[in-house]
Amino acid sequence: MQRYISLTKLIPEMLQKLDDEIVSFCPAVEIAALSEKEQKELLVAMEYAQAIPSLSQAQRIRQLSKEKQLSLEKMEEIMCEVKKGEITRVAFTNEQLHKYFPNSYTPAMMKREILALLKLWKKESWES
């Protein structure tokens with residue numbers, strides 16, 4: 001019951017990610033222990049890395065917060081780690097991609113556009 005109560009400390013954006021099942025319950029409990037400012041920075045780090053924290057990552061972030069050593073840079077570093085099962089993933093930094101997209105494009109918009117272009121390329125190249 002205590003863990004469910006702790007979720008009331010999540011900022012609305014993070015709570016929405018939990019409600020949408022983007023962030024899992026156990027990492028959300030760890031994230032709820034962060035300050036409002038730290039939770040907002042974690043959202044930035046998540047967007048930067050295009051990743052969702054695992055339980056282990058959330059626990060390390062919480063521990064750094066507890067030790068007063070947490071920063072946006074450390075969160076970005078943790079969020080950019082390759083997780084088990086993702087070893088075969090392909091990752092690009094925002095800096096790499098922004099060379100090809102308008103500054104107004106968010107990472108989510110870039111991802112959608114890349115997938116649409118790959119789909120078109122597959123159709124033109126492989127299905128001809």
Side-chain angles (χ1 to χ4, degrees):
M1 186 57 84
Q2 201 72 19
R3 291 166 47 147
Y4 283 100
I5 293 170
S6 72
L7 296 177
T8 62
K9 297 177 185 169
L10 288 173
I11 61 173
E13 301 89 340
M14 199 62 79
L15 188 58
Q16 188 62 53
K17 290 193 179 299
L18 175 64
D19 289 343
D20 293 342
E21 299 180 357
I22 294 169
V23 174
S24 299
F25 177 79
C26 290
V29 170
E30 299 294 325
I31 294 166
L34 302 177
S35 71
E36 184 176 324
K37 178 182 179 272
E38 290 170 332
Q39 288 185 48
K40 286 180 180 179
E41 287 181 343
L42 179 55
L43 287 170
V44 171
M46 289 166 60
E47 184 72 19
Y48 173 80
Q50 288 293 289
I52 304 303
S54 65
L55 177 57
S56 170
Q57 289 171 319
Q59 288 170 332
R60 285 185 286 138
I61 289 169
R62 180 181 180 177
Q63 186 60 37
L64 285 170
S65 174
K66 201 178 202 181
E67 295 168 356
K68 306 280 189 234
Q69 295 182 14
L70 187 60
S71 66
L72 174 60
E73 293 76 24
K74 286 186 181 179
M75 283 190 265
E76 287 175 345
E77 186 178 307
I78 290 170
M79 292 308 305
C80 284
E81 295 170 351
V82 177
K83 299 176 190 132
K84 288 181 183 175
E86 291 186 346
I87 294 174
T88 60
R89 82 175 179 173
V90 176
F92 298 98
T93 65
N94 288 349
E95 291 77 25
Q96 289 172 311
L97 294 175
H98 274 297
K99 290 187 267 183
Y100 304 100
F101 293 95
N103 288 337
S104 61
Y105 268 52
T106 65
M109 292 165 75
M110 289 187 282
K111 181 179 177 181
R112 275 195 307 271
E113 193 70 29
I114 290 167
L115 291 173
L117 289 168
L118 286 171
K119 186 177 180 181
L120 181 63
W121 173 71
K122 178 184 175 193
K123 187 176 182 180
E124 289 177 0
S125 301
W126 297 1
E127 297 173 3
S128 297

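Just so you know, residue 1 is the first one in the sequence shown, and it goes up from there.
Shown here are the side chain to side chain contact (heavy atoms under 4.5 Å, CB included) partners of E67, two or more places apart in sequence or in another chain: Q63, L64, Q69. The side chain to side chain contact (heavy atoms under 4.5 Å, CB included) search around I52 returns I22, V23, M46, not counting sequence neighbours. Applying the ring pair (Phe, Tyr, Trp, His ring centres under 6.0 Å) rule to F101 yields the partners Y105; only residues at least two apart in sequence or on another chain are considered. Take K111 and apply the side chain to side chain contact (heavy atoms under 4.5 Å, CB included) test, not counting sequence neighbours, and it matches Q50, L115. For Q39, there are no side-chain hydrogen bond (donor to acceptor under 3.5 Å, both in side chains) partners at least two apart in sequence or on another chain. The salt bridge (charged side-chain N to carboxylate O under 4.0 Å, His left out) test applied to K74 returns no partner, not counting sequence neighbours. Taking K9 as the reference, A32 meet the side chain to side chain contact (heavy atoms under 4.5 Å, CB included) condition, with sequence neighbours excluded.
A distance of 8.0 Å separates CD of E73 from CD of E41, quoted to the nearest 0.5 Å. With values rounded to the nearest 0.5 angstrom, C80 atom SG is found 12.5 Å from M75 atom CE. One distance of note links CD1 of I11 with CD of E38; it measures 11.0 Å at 0.5 Å rounding. The NZ atom of K66 sits 15.0 Å away from atom CD1 of I61, with the distance rounded to the nearest 0.5 Å. Separation of atoms OG (S125) and CG (L118) is listed at 10.5 Å; rounding is to 0.5 Å. Rounded to the nearest 0.5 Å, atoms OG1 (T106) and CZ (R112) are 6.0 Å apart.
Residue I5 shares its hydrophobic cluster (ILVMFWY side chains chained together at separations under 4.5 Å) with M1. Grouping Ile, Leu, Val, Met, Phe, Trp and Tyr residues whose side-chain heavy atoms lie under 4.5 Å apart, directly or via other members, places L72 in a hydrophobic cluster with V44.
Within the structure, every pair that satisfies the salt bridge (Lys or Arg N to Asp or Glu O under 4.0 Å) test and touches residues 10-35, not counting sequence neighbours, is listed here: E30-R62. Residue pairs meeting the ring pair (Phe, Tyr, Trp, His ring centres under 6.0 Å) criterion with at least one partner in residues 14-54, sequence neighbours excluded, are Y4-F25. Legend: ring pair (Phe, Tyr, Trp, His ring centres under 6.0 Å) pairs involving residues 56-76, not counting sequence neighbours: none detected.
Closest non-hydrogen pair, V29 versus S6, comes out as CG1-OG, 3.8 Å. Taking all atoms of both residues into account, the shortest heavy-atom contact from L10 to A28 is CD2-O, 3.7 Å. Here the shortest heavy-atom pairing between E81 and R60 reads OE1-NH2, 2.6 Å. Residue L42 comes nearest to M14 through the heavy atom pair CD2-CE, 4.0 Å, listed as atom of the first residue, atom of the second, then distance.
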Test side-chain contact (heavy atoms from CB on, under 4.5 Å) on R3 and C26; report intermediate values, then the result. CA-CA 9 Å; R3 291 166 47 147; C26 290; 3.0 Å; yes
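Linking ILVMFWY residues whenever their side-chain heavy atoms come closer than 4.5 Å, directly or via other members, places W121 and Y100 in the same cluster.
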